[in-house]
Amino acid sequence: MILNLTGKIAPIACGLLCCCSMVYAQGNDTSEVMLLDTGWEFSQSGTEKWMPATVPGTVHQDLISHELLPNPFYGMNEKKIQWVENEDWEYRTSFIVSEEQLNRDGIQLIFEGLDTYADVYLNGSLLLKADNMFVGYTLPVKSVLRKGENHLYIYFHSPIRQTLPQYASNGFNYPADNDHHEKHLSVFSRKAPYSYGWDWGIRMVTSGVWRPVTLRFYDIATISDYYVRQLSLTDENARLSNELIVNQIVPQKIPAEVRVNVSLNGTTVTEVKQQVTLQPGINHITLPAEVTNPVRWMPNGWGTPTLYDFSAQIACGDRIVAEQSHRIGLRTIRVVNEKDKDGESFYFEVNGIPMFAKGANYIPQDALLPNVTTERYQTLFRDMKEANMNMVRIWGGGTYENNLFYDLADENGILVWQDFMFACTPYPSDPTFLKRVEAEAVYNIRRLRNHASLAMWCGNNEILEALKYWGFEKKFTPEVYQGLMHGYDKLFRELLPSTVKEFDSDRFYVHSSPYLANWGRPESWGTGDSHNWGVWYGKKPFESLDTDLPRFMSEFGFQSFPEMKTIAAFAAPEDYQIESEVMNAHQKSSIGNSLIRTYMERDYIIPESFEDFVYVGLVLQGQGMRHGLEAHRRNRPYCMGTLYWQLNDSWPVVSWSSIDYYGNWKALHYQAKRAFAPVLINPIQQNDSLSVYLISDRLDTMEQMTLEMKVVDFDGKTLGKKIQVHSLEVPANTSKCVYRAKLDGWLTPEDCRRSFLKLILKDKSGHQVAESVHFFRKTKDLQLPPTSVSYQMKQTDGKCELTLFSSMLAKDIFIETPLQGARYSDNFFDLLPGERKKVIITSPRIKKGEELPVNIKHIRETYK
């Protein structure tokens with residue numbers, strides 16, 4: 001049984017091959033696993049200069065560790081690392097195999113990820129010519145292993161030079177404009193597209209052993225696949241099919257017993273056994289099972305994401321020779337994509353209940369993928385859960401994530417929209433390419449299909465939209481253009497859907513996102529999912545999101561700089577200008593930093609200092625995006641989901657993210673948390689008319705609720721009378737307008753510039769359920785008072801407690817500390833006049849007795 005091994009032993013620095021430390025894992029079965037993660041060396045091909053290497057890793061990481069590359073994220077260093085992609089690289093190690101191990105019936109060498117064109121040799125035998133970063137390889141190696149020392153050698157071909165012949169013979173340059181090279185070679189390789197550059201990404205075209213390598217020793221048989229298929233689910237009963245593929249490697253038939261155990265919290269709920277005769281070769285075995293009174297897996301916000309433990313074993317006599325385990329959530333997920341009076345719906349129904357999807361688009365967390373630790377994955381899911389998200393879209397220009405990502409999605413109740421790895425450009429469709437894609441699809445579907453969180457498969461990101469609307473028809477000859485369209489059909493309408501149907505038939509598949517809607521064509525918005533780039537690329541105001549409504553918003557976004565401590569990690573003070581060479585090098589969007597200023601002029605007074613500009617830009621992004629998130633929730637059930645672009649960064653950069661590379665929440669993430677609250681008060685002002693909506697994602701109806709509203713000026717004085725709306729019913733899982741009024745006659749124009757509306761929702765016991773604050777004018781038109789914020793600090797190891805106070809309104813408070821990745825219970829909030837606000841800051845670097853430097857900004861302080 002393969003267990004999760006995280007222990008690392010530092011590579012041994014020597015000129016000769018060094019033996020790998022043998023780390024073994026033994027479960028209930030009799031197999032052994034040796035983790036080949038030590039003793040590796042690497043060399044630039046042709047130099048014979050061997051140096052210690054880290055595996056899993058990349059050649060860039062190894063070069064950086066030996067100070068042969070500068071920090072690629074700093075300044076203009078991106079230009080200094082491009083030579084690496086044009087070279088071939090060699091990796092080698094050695095390991096010891098005992099006579100006892102060599103006498104086992106079967107031995108497998110398992111590569112979970114090779115990036116990308118790699119020739120693998122073991123003891124002089126060519127085992128593999130790898131050509132796909134997105135698949136794992138399991139190789140039988142008993143016949144080539146030796147007792148004692150064994151030599152493993154991998155030759156990585158330059159992904160650039162490897163594909164130049166394809167480019168030279170293709171006849172045209174693919175329109176892969178995110179590939180930051182004049183020759184768009186990325187389309188020819190099954191390799192993470194974003195590594196070639198993107199409109200938020202550094203170009204770092206990697207090579208290396210990017211996922212673990214193991215050697216597995218076993219007897220008689222191994223389970224190569226274990227699929228738990230859910231046939232039906234009711235409150236009384238779950239009918240399941242346990243489908244195993246068993247590879248029996250001895251020449252004669254073997255009697256065996258197949259056992260499946262299902263447990264919940266350590267208690268067995270179902271156990272089934274079946275006597276079988278294992279034939280030499282591949283055996284397909286199916287065991288039916290039932291779980292009575294199943295506890296359903298529920299998404300975040302609706303309940304507990306309950307997971308059952310499933311274990312399948314192959315027993316021969318009194319020996320368990322093979323075992324495989326999964327954690328399975330019992331639930332139903334249906335994507336409702338049907339014609340209706342408004343066009344064509346698109347929403348997720350979980351356990352029979354329509355779910356409004358709240359979340360974001362995810363990109364790889366690092367330009368150097370092996371840098372992403374277990375802790376970073378765990379932190380990111382904590383970030384999503386705390387922001388009240390229930391869905392994440394794994395975007396098609398990155399990678400299929402590792403198993404831990406999906407395990408954490410299962411455990412946290414976060415549904416996964418899974419793209420196949422194709423984005424923003426047509427791809428080849430020749431037989432060799434299609435064969436690679438088919439292997440990739442089969443491998444990843446089988447790997448991921450047991451996860452309760454996996455909600456759907458999507459063929460690609462924006463490729464159909466690109467073919468239709470990005471001018472390709474004029475760019476290419478009719479023959480080439482028709483070839484691209486035909487290739488699209490072969491890949492996304494034939495190969496991928498047929499593969500999903502064969503290996504994961506119960507899961508929804510759509511060939512592209514979006515598959516019809518286009519942000520420049522309002523007549524299309526009523527059909528399916530939408531990517532609305534009217535805000536940002538179309539330069540539309542944020543208010544357009546109130547009316548430019550989709551059925552499901554799977555992408556929309558707005559950029560900001562990261563905060564100053566992140567900028568300081570890649571730039572020097574002399575670079576602190578929005579159009580400096582370094583800032584532009586960390587801004588990959590075609591319309592760049594100037595557009596942030598353009599939008600800022602509409603809503604804010606533009607500060608003079610760069611530091612204040614960065615801060616106001618963060619506020620701008622957060623407030624503007626919140627406007628859209630609330631518009632989408634407000635307009636349910638017409639619109640049933642909003643996934644903003646983008647959740648995270650792969651390096652320190654100016655981007656659309658809500659969390660920067662170092663894990664700092666931007667204003668957007670705090671505003672998303674507010675906009676995604678289970679119960680939301682949403683005031684919306686259009687001209688001089690105010691409407692108040694109550695939006696609930698709860699599964700119970702709230703009755704006898706009271707909405708209290710009062711207008712307060714910036715000095716804390718209440719203007720006029722408090723308004724109360726009594727006996728409100730807030731239906732489950734819905735949006736409802738509960739109040740409308742004209743502002744003229746209620747407030748003078750001057751009142752609107754110096755006051756805000758405070759709204760509180762209380763239950764029948766008088767407990768506060770939700771609150772909100774509404775300003776009647778844009779921030780630049782408010783008469784914000786010059787005020788100072790005082791605070792008290794209490795500090796212990798790992799935690800700092802701040803209590804903030806201001807006698808007058810301090811708008812959009814930002815608490816800054818120098819600690820990367822520190823967590824704040826709240827930030828980027830309005831400190832209301834006369835109210836005390838407690839904020840908890842946590843970080844392992846906070847120490848009792850060492851005062852934490854704190855800087856507090858608010859909007860009025862950025863004025864002259």
Side-chain angles (χ1 to χ4, degrees), residues 299-303 347 350 353-359 387-390 542-543 545-547 549-553 623 625-642 670-712 720-743 746-747 756-776 829-830 832:
N300 184 36
W302 277 8
Y347 66 91
V350 183
I353 307 167
M355 184 193 81
F356 188 94
K358 301 180 294 187
N388 300 305
M389 295 183 183
N390 56 26
F542 291 113
E543 291 77 12
L545 297 168
D546 292 323
T547 52
L549 290 167
R551 308 304 300 273
F552 189 104
M553 186 70 86
Q623 295 285 5
M625 289 295 291
R626 179 179 177 178
H627 193 104
L629 298 174
E630 292 182 343
H632 302 148
R633 286 191 74 188
R634 181 172 67 247
N635 283 282
R636 63 174 302 169
Y638 175 84
C639 176
M640 282 298 289
T642 182
Y670 293 97
Q671 298 295 7
K673 178 180 180 178
R674 295 169 190 135
F676 288 161
V679 179
L680 174 68
I681 307 171
N682 178 215
I684 177 69
Q685 182 179 336
Q686 293 171 311
N687 298 320
D688 284 326
S689 180
L690 179 74
S691 301
V692 179
Y693 286 77
L694 297 180
I695 303 167
S696 174
D697 287 335
R698 291 172 46 158
L699 298 182
D700 60 319
T701 294
M702 296 183 291
E703 298 178 335
Q704 298 298 311
M705 307 295 287
T706 299
L707 177 65
E708 297 180 353
M709 297 179 283
K710 63 178 180 179
V711 178
V712 182
K721 294 181 179 180
K722 182 186 291 186
I723 299 169
Q724 292 189 328
V725 184
H726 296 284
S727 301
L728 286 171
E729 179 182 273
V730 184
N733 210 21
T734 194
S735 168
K736 180 180 180 180
C737 184
V738 297
Y739 182 80
R740 281 196 174 95
K742 292 283 188 182
L743 292 181
W746 184 21
L747 293 171
F756 58 88
L757 179 67
K758 185 173 183 179
L759 306 95
I760 298 175
L761 182 66
K762 295 181 177 179
D763 64 18
K764 57 187 176 183
S765 301
H767 295 126
Q768 182 172 307
V769 175
E771 68 174 342
S772 186
V773 171
H774 173 71
F775 291 90
F776 301 101
F829 54 83
D830 297 321
L832 303 185

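Side-chain atoms of D763 come within 3.5 Å of backbone N or O of H767 as a donor-acceptor pair. Formation of a donor-acceptor pair under 3.5 Å by the T701 side chain with backbone atoms of A732 is found in this model. Side-chain atoms of K358 come within 3.5 Å of backbone N or O of F676 as a donor-acceptor pair. Looking only at distances, a side-chain donor or acceptor of S735 sits under 3.5 Å from a matching main-chain atom of R634.
Put simply, the side chain of V769 reaches to within 4.5 Å of the side chain of M705, judged on heavy atoms. The shortest distance between side-chain heavy atoms of L728 and M702 does not fall below 4.5 Å. The side-chain heavy atoms of L707 and Q724, taken from C-beta on, include no pair separated by under 4.5 Å. Here the side chains of N733 and W302 are in contact, with some heavy-atom distance below 4.5 Å. Contact annotation: the side chain of Q685 approaches that of L743 to within less than 4.5 Å [non-hydrogen atoms, C-beta and beyond]. Looking only at side-chain heavy atoms (C-beta outward), L694 and L680 stay at 4.5 Å or farther from each other. Counting heavy atoms from C-beta on, the side chains of L690 and W746 come closer than 4.5 Å. In this structure the side chain of D697 reaches within 4.5 angstrom of the side chain of R636, judged on heavy atoms.
Note that CG of L545 is 11.5 Å distant from CD of E630, once rounded to the nearest 0.5 Å. In this structure, the separation between NE2 on H632 and CD1 on I695 is 11.5 Å, given to the nearest 0.5 Å. Rounding to the nearest 0.5 Å places CZ of F542 at 14.0 Å from CZ of R626. Note that OG1 of T734 is 11.5 Å distant from OH of Y693, once rounded to the nearest 0.5 Å. I760 contributes atom CD1, which lies 11.5 Å from atom CE of M709 (distance to the nearest 0.5 angstrom). Expressed to the nearest 0.5 Å, how far CZ of F356 lies from CE of M640 amounts to 7.0 Å.
H627 meets the ring-ring contact (aromatic ring centres under 6.0 Å, His included) test with no other residue; sequence neighbours excluded. In this structure K758 satisfies the salt bridge (Lys or Arg N to Asp or Glu O under 4.0 Å) test together with E835, sequence neighbours excluded. Residues forming a salt bridge (Lys or Arg N to Asp or Glu O under 4.0 Å) with K710 (at least two apart in sequence, or on another chain): none.
In terms of heavy atoms, M389 sits closest to N300 at O-ND2, 2.7 Å. Summarising the geometry of A675 relative to L629, their closest heavy-atom pair is CB-CB, 3.9 Å, with the distance given to 0.1 Å. Across every non-hydrogen atom of V730 and S696, the tightest pair is CG1-CB, 3.8 Å. For the pair A770 and V679, the tightest heavy-atom approach, listed with the atom from each and the gap, is CB-O, 3.7 Å.
Residue-environment remark: CG (N687) stays at or below the threshold of 12 foreign heavy atoms within 6.0 Å. In the displayed structure, K764 atom NZ is contacted under 6.0 Å by at most 12 heavy atoms of other residues, nucleotides or ligands.
Using bins of under 30°, 30° to 60° and over 60° for the plane-to-plane angle, the ring pair F756/F775 lands in the tilted bin.
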Side chain to side chain donor-acceptor pair (under 3.5 Å) assessment of Q671 paired with R674: CA-CA 5 Å; Q671 298 295 7; R674 295 169 190 135; 3.1 Å; yes
May I have the step-by-step check of side-chain contact (heavy atoms from CB on, under 4.5 Å) for E771 and L759, ending in yes or no? CA-CA 5 Å; E771 68 174 342; L759 306 95; over 6 Å; no
For T706 and L761, run side-chain contact (heavy atoms from CB on, under 4.5 Å): C-alpha distance rounded to whole Å, both residues' side-chain angles, the deciding distance at 0.1 Å, then the answer. CA-CA 6 Å; T706 299; L761 182 66; over 6 Å; no
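For the pair R551 and Y347, the cation-pi criterion (under 6.0 Å, within 45° of the ring axis) is not fulfilled.
Under 4.0 Å is where a charged nitrogen must lie from a carboxylate oxygen, and between E708 and K762 at least one such pair does.
Between H774 and the choices V692, L757, I681, the side chain to side chain contact (heavy atoms under 4.5 Å, CB included) rule is met once, by L757.
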